[in-house]
Amino acid sequence: MTLHIVGNGFDLAHGIASSYADFKDYAWKHGDQYLMGLLETCYPDVNPWNGELYLWSDLERALGNLDFQAAFEASTDDIQLEDGHEGRYIAQMEDAPEFLLGMMFDAFHRAFEDWVNDIDNNVDPIPNLSHFGGGDNYLSFNYIDTLEKVYGVPRNKINYIHGRRNSNDEIIVGHHAVVNATDHLSDDPMVYEYQGYDNIANEVNKQRKLTSDIIANNSEYWQSLGQVDKVMVYGHSMADVDMAYFHEVAKHVKGVCEWHFSIYYYDPISRKKAVEHIVSVINELGLDVDRCSTFCM
């Protein structure tokens, strides 16, 4: 039996506008303008390769790297100290970040789910990928139903591990870091910054993708992989935030199993990096390198 693992690169290879840059355009057009601006203020780190915010190029990793000082200042800059009301001022400075960041993340998730539900996947199949069989097994990290709509894969054969759009599923997006407020405090913080920064950390940690819980909730699925002797991975970056799932797959498929990884590159340097990344994944998962290969979609 073959297990097909599908990542966002699969949809992108079909010309589907499912990149985080596409989400950025949608969020600014349809989301809350003020809260989207606040989101960019709180995540100012820039990718030196393309000049874009990491927020819009590596979103899940970025969500765990909020700029605490920028977030605190943005959420408290209109709070004024009034004579005789120092206690109220301190309470406002402590509570404002939690309130405003909570609103910001709520707006982010609403915009993200709306975008996912609206993505157009009315596309043609890629000819050399037309071999998907109804008897195979499918693990999709995408929210979009491209396997069903374009390739006719039965819905009950696909595990949408992070949720399927336009359904009752929760759409799961998040980081895997554990954020500690004390790591972000200055050497001489103001008294209200201790609690204020704790509140910021709590909000950021609410954005974690609880991978261990997701794995536990899918225990029956992992057990069903015992007859898999071939794994095909399409368009998945295999970033740290999702590697626990691949460990779970490797643990449950047959001991003698082929693994085939798609790679994307645009010049010799990017090809070298793509292959090196696959080699590191093979080593991390403890796979037999002689039973592994790469391919292009």
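From a predicted model like this one, the values you see are computed outputs, not experimental measurements.
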*Asks:* Are Val275 and Met297 grouped together when hydrophobic residues (ILVMFWY) are joined by side-chain heavy atoms under 4.5 angstrom apart?
*Replies:* no
*Asks:* Are Leu210 and Leu63 linked, directly or through intermediate hydrophobic residues, by side-chain heavy-atom contacts shorter than 4.5 Å (ILVMFWY only)?
*Replies:* no
*Asks:* Below 4.0 angstrom, N of the basic side chain to O of the carboxylate: do Arg165 and Glu113 qualify?
*Replies:* no
*Asks:* Salt bridge check: are Asp242 and Lys209 linked by an N-O gap of less than 4.0 Å?
*Replies:* yes
*Asks:* Would a hydrophobic clustering, with Ile, Leu, Val, Met, Phe, Trp and Tyr connected at side-chain separations under 4.5 Å, put Val173 with Ile161?
*Replies:* no
*Asks:* Of Ile200, Asn180, Val179, which is the lone residue that meets side-chain contact (heavy atoms from CB on, under 4.5 Å) with Asn205?
*Replies:* Val179
*Asks:* Specify whether Trp115 and Phe23 have parallel, tilted or perpendicular ring planes, treating 30° as the upper limit for parallel and 60° as the lower limit for perpendicular.
*Replies:* tilted
*Asks:* For Ser18, which of Asn121, Asp11, Asn142, Asn8 qualifies under side-chain hydrogen bond (donor to acceptor under 3.5 Å, both in side chains)?
*Replies:* Asn8
*Asks:* Before accepting this row, confirm whether a basic side-chain N of the pair Asp136/Lys157 lies closer than 4.0 Å to the acidic partner's carboxylate O.
*Replies:* no
*Asks:* I need the Thr146 OG1 to Ile158 CD1 distance, nearest 0.5 Å.
*Replies:* 9.5 Å
*Asks:* Donor-acceptor pair, Asn199 side chain versus Glu94 backbone, under 3.5 Å?
*Replies:* yes
*Asks:* Taking the six-membered ring for Trp, are Tyr264 and Tyr266 parallel (under 30°), tilted (30 to 60°) or perpendicular (over 60°)?
*Replies:* tilted
*Asks:* Group every Ile, Leu, Val, Met, Phe, Trp and Tyr by side-chain heavy-atom contacts under 4.5 Å, then state whether Met1 and Leu139 land in the same group.
*Replies:* yes
*Asks:* In terms of the angle between their ring planes, are His4 and Tyr234 parallel, tilted or perpendicular, with boundaries placed at 30° and 60°?
*Replies:* parallel
*Asks:* Check the hydrophobic clustering (I, L, V, M, F, W, Y; side-chain heavy atoms under 4.5 Å; chains of links allowed) and say if Phe141 and Ile171 are grouped together.
*Replies:* no
*Asks:* Verify, without hydrogens or angle tests, whether Glu193 (side chain) and Met190 (backbone) share a donor-acceptor contact under 3.5 angstrom.
*Replies:* yes
*Asks:* Quick one: side-chain hydrogen bond (donor to acceptor under 3.5 Å, both in side chains) partners of Ser140, sequence neighbours excluded?
*Replies:* none
*Asks:* Answer yes if the ring centres of Phe10 and His14 are under 6.0 angstrom apart, and no otherwise.
*Replies:* yes
*Asks:* So Tyr197 and Phe72, would you call those rings parallel, tilted or perpendicular, with 30° and 60° as cut-offs?
*Replies:* tilted
*Asks:* Identify, with sequence neighbours excluded, every residue that meets side-chain hydrogen bond (donor to acceptor under 3.5 Å, both in side chains) alongside Asp22.
*Replies:* Ser19
*Asks:* Measuring centre to centre across the rings, with the benzene-like ring taken for any Trp, is His236 within less than 6.0 Å of Phe246?
*Replies:* yes
*Asks:* Before accepting this row, confirm whether a basic side-chain N of the pair Arg271/Glu276 lies closer than 4.0 Å to the acidic partner's carboxylate O.
*Replies:* no
